[in-house]
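Numbers here simply count residues along the sequence, with the first being 1. What's counted below: heavy atoms across the whole structure, side chains too, no hydrogens, waters or symmetry copies.
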Amino acid sequence: MRDATALGPEPPQVAPPTPSGSAAGASEDWEAVGAAFAAVDRAAPAEDCLNLNVWTPDTGPARLPVMVWIQGGMFELSSTAAYDGSHFARDGVVCVVINWRPGAEGFLYLGDGIANLGLLDQVAALQWVRDNIAAFGGDPGNVTVFGESAGAMSIGMLLAMPRADGLFRRAILQSGAAHQVTPAGDALRIAGYLAGRLGVPATREAIAGAGVARLLAAQAGVKDELLTDPDPDRWGGAVVASTMPWQPVIDGDILPGPPIDRIAAGSGSQVDVIVGTNADDWRLWLVASGVIAGITDEILGGPVRSFGHQALATYGLPAGQALAAYRTHYPTANPGDLLAAVQTDWWMRIPAIRLADAHARASSAAGTYMYEFHWAAPALGAVHALEVAFVFDTATPDAPLFGPLLGSDPPQELARTMHAAWVAFAGTGDPGWPQYDQGRRASRQCYISSSHWI
């Protein structure tokens with residue numbers, strides 16, 4: 001018998017972000033983010049970390065809807081500690097929250113036939129759900145995967161993966177879609193940089209032999225190099241833009257091709273999908289790091305090699321033309337606000353629209369839905385991850401990790417209504433608003449006004 005009343009070990013992983021950035025750009029200070037992570041009561045890390053948490057209202061033969069949460073964390077952090085599924089169980093859903101390996105442990109690519117282990121961890125968890133969730137009152141034929149940020153991006157990958165086919169019936173992607181992947185050539189270079197820092201050959205056996213502590217230190221060193229020397233010739237343009245060296249890789253097997261292309265061709269067409277974003281998604285990182293006040297027109301219009309992800313050219317935009325267009329659309333915005341808008345579009349809004357378009361076009365039987373979360377937290381806006389506590393109906397100032405974002409009086413009506421829509425979708429495939437189609441592009445706007453979600 002095992003004690004199943006406490007969190008299982010979480011994956012070994014790097015610490016949250018520390019002060020960083022290119023010497024020429026605006027400096028970043030992540031102390032506040034680190035403090036928020038430090039305040040969460042997390043389980044100790046261990047290599048035996050592939051465990052999950054289950055909340056159920058009924059362990060009998062109830063065949064209840066099942067919701068499996070995949071958390072975010074830049075594909076570098078992963079912890080189940082901040083996610084309490086008890087309110088889903090209260091409302092008739094079996095809720096499962098899973099651990100999976102991030103960082104080099106999960107996404108090191110060496111061209112050796114082993115790739116995307118973090119995604120395979122998620123597949124293994126879904127296979128466990130298929131085989132065992134009936135013992136917890138769940139219906140293995142009615143599984144919804146839902147996740148945020150890197151968790152949502154993971155779901156974009158699962159929709160495109162042959163090995164995940166048939167393991168879930170519905171999917172909710174919160175601030176993440178199906179675009180964030182690393183080309184195999186770039187991933188091989190990153191593996192070489194990691195091995196160089198360890199002083200070992202670029203083989204899986206040699207890197208594993210360095211031990212967990214040295215591997216994590218080398219992984220952090222590679223990330224710091226990327227941020228301080230964002231040379232696209234060295235890293236690849238996609239890696240400089242994302243600042244995420246450990247992402248899913250198009251390896252030709254686990255991920256046979258670009259996920260958005262596979263979804264457009266019909267992969268995942270049998271799955272009902274909700275995809276959405278927050279109105280000010282990427283503003284979170286600019287405010288939390290303090291960098292928003294240091295962004296200038298010179299940085300926005302400058303070369304990628306000098307300014308990395310703070311330069312508009314990083315995102316494939318002609319800097320002068322893009323700056324003028326965004327200024328027209330946001331006439332009172334300062335340079336930091338404009339960068340937040342560009343990054344929100346590049347990271348979140350445009351990939352979400354493209355995923356909705358691709359899924360709606362390819363799916364005749366399954367539904368496609370969109371939302372945009374608009375409730376603005378004090379001094380922040382409708383930023384990245386803000387909706388998570390509302391989805392879990394845990395939107396209180398003392399909520400682990402997310403509470404500091406919410407201010408002193410987050411709207412409980414919004415939490416109840418948004419949570420109820422997610423529960424309804426898991427049960428029936430209908431969240432309560434019109435389906436998305438390319439002609440209408442219908443999208444639920446989520447904000448609080450006179451105690452109504454409109």
### Task
Begin with the C-alpha distance, continue with both residues' side-chain angles, and end with the deciding distance and a verdict on side chain to side chain contact (heavy atoms under 4.5 Å, CB included) for E105 and Q219.
CA-CA 10 Å; E105 285 278 359; Q219 180 185 316; over 6 Å; no

### Task
Run the numbers on D186 and W235 for side chain to side chain contact (heavy atoms under 4.5 Å, CB included), then give the verdict.
CA-CA 6 Å; D186 293 345; W235 301 95; over 6 Å; no

### Task
Could you give me the CA-CA distance, side-chain angles and deciding distance for Y83 and W55, then say whether ring pair (Phe, Tyr, Trp, His ring centres under 6.0 Å) is met?
CA-CA 11 Å; Y83 305 98; W55 289 263; 9.6 Å; no

### Side-chain touch L215/L194, heavy atoms, less than 4.5 angstrom
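Yes, side chains in contact.
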
### Note, L126 side chain near L158 side chain (heavy atom, < 4.5 Å)
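They are in contact (side-chain heavy atoms under 4.5 Å apart), so the answer is yes.
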
### Message
Under the criterion side chain to side chain contact (heavy atoms under 4.5 Å, CB included), I'd like the reasoning laid out for D233 against R305: C-alpha separation, chi angles, the key distance, then a yes or no.
### Response
CA-CA 9 Å; D233 291 336; R305 193 170 206 152; 4.1 Å; yes

### Query
Passes side chain to side chain donor-acceptor pair (under 3.5 Å), T368 versus H359? Steps please.
CA-CA 7 Å; T368 308; H359 186 264; 2.6 Å; yes

#### Entry: Separation between CG of D121 and OG of S154, rounded to the nearest 0.5 Å
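One gets 10.5 Å once the value is rounded to the nearest 0.5 Å.
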
Shortest non-hydrogen contact between [X] and [Y], atoms and distance:
X	Y	value
P404	A399	CD-O, 4.1 Å
G147	W69	CA-CZ3, 3.5 Å
L119	P248	CD1-CB, 3.9 Å
A202	A195	CA-CB, 3.7 Å
D41	L7	O-CD1, 4.2 Å
L339	L312	CD1-CD2, 4.2 Å

#### Entry: Parallel, tilted or perpendicular, as decided by the 30° and 60° cut-offs, for the rings of W282 and W347
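It falls in the parallel class, under 30°.
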
Please confirm whether the backbone N or O of [Y] pairs with a side-chain atom of [X], one donor and one acceptor, at under 3.5 Å?
X	Y	result
D345	R349	no
S269	S363	no
R361	A264	no
R169	N142	no
Y315	H309	yes
D430	A424	no
Q13	P11	yes
D272	A366	no
Q412	P410	yes
T314	G308	yes

### Query
Under 3.5 Å, is there a donor-acceptor pair linking the side chains of N116 and Y109?
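No, no side-chain donor-acceptor contact under 3.5 Å.
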
### Message
Consider side chain to side chain contact (heavy atoms under 4.5 Å, CB included). Of R189, E76, M74, E225, which one does P245 pass it with?
### Response
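It is E76; the other options fail the test.
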
### Task
Just jot down the salt bridge (charged side-chain N to carboxylate O under 4.0 Å, His left out) partners of R354, sequence neighbours excluded, or say none.
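Per chain and number, R354 pairs via salt bridge (charged side-chain N to carboxylate O under 4.0 Å, His left out) with no residue.
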
### Task
For side chain to side chain contact (heavy atoms under 4.5 Å, CB included), just list the numbers for F168 and V68, CA-CA rounded to whole Å, side-chain angles, deciding distance to a tenth of an Å, and then say yes or no.
CA-CA 9 Å; F168 53 96; V68 179; over 6 Å; no

### Task
Tell me, with the steps shown, if Q71 and S78 meet side chain to side chain donor-acceptor pair (under 3.5 Å).
CA-CA 7 Å; Q71 66 274 10; S78 180; 2.9 Å; yes

#### Entry: Criterion side chain to side chain donor-acceptor pair (under 3.5 Å) on S149 and H384, from CA distance to verdict
CA-CA 8 Å; S149 195; H384 198 60; 2.8 Å; yes

### Query
Hey, are R327 and D297 close enough for a salt bridge, meaning a charged N less than 4.0 Å from a carboxylate O?
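The answer is yes: the pair qualifies as a salt bridge.
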
Scan the side chains in residues 159-167 for donor-acceptor partners under 3.5 Å anywhere in the protein, sequence neighbours excluded, and list what turns up.
| unit_1 | atom_1 | unit_2 | atom_2 | d |
| --- | --- | --- | --- | --- |
| R163 | NH2 | D253 | OD2 | 3.2 |
| D165 | OD1 | Q270 | NE2 | 3.0 |

### Task
Measure centre to centre between the rings of F373 and F390, then say whether the value is under 6.0 Å.
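Yes - the distance between ring centres of F373 and F390 falls below the 6.0 Å cut-off.
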
### Task
Name all residues meeting the ring pair (Phe, Tyr, Trp, His ring centres under 6.0 Å) criterion together with H419; count only those two or more places apart in sequence or in a different chain, and write none if there are none.
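Here the qualifying residues are F88.
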
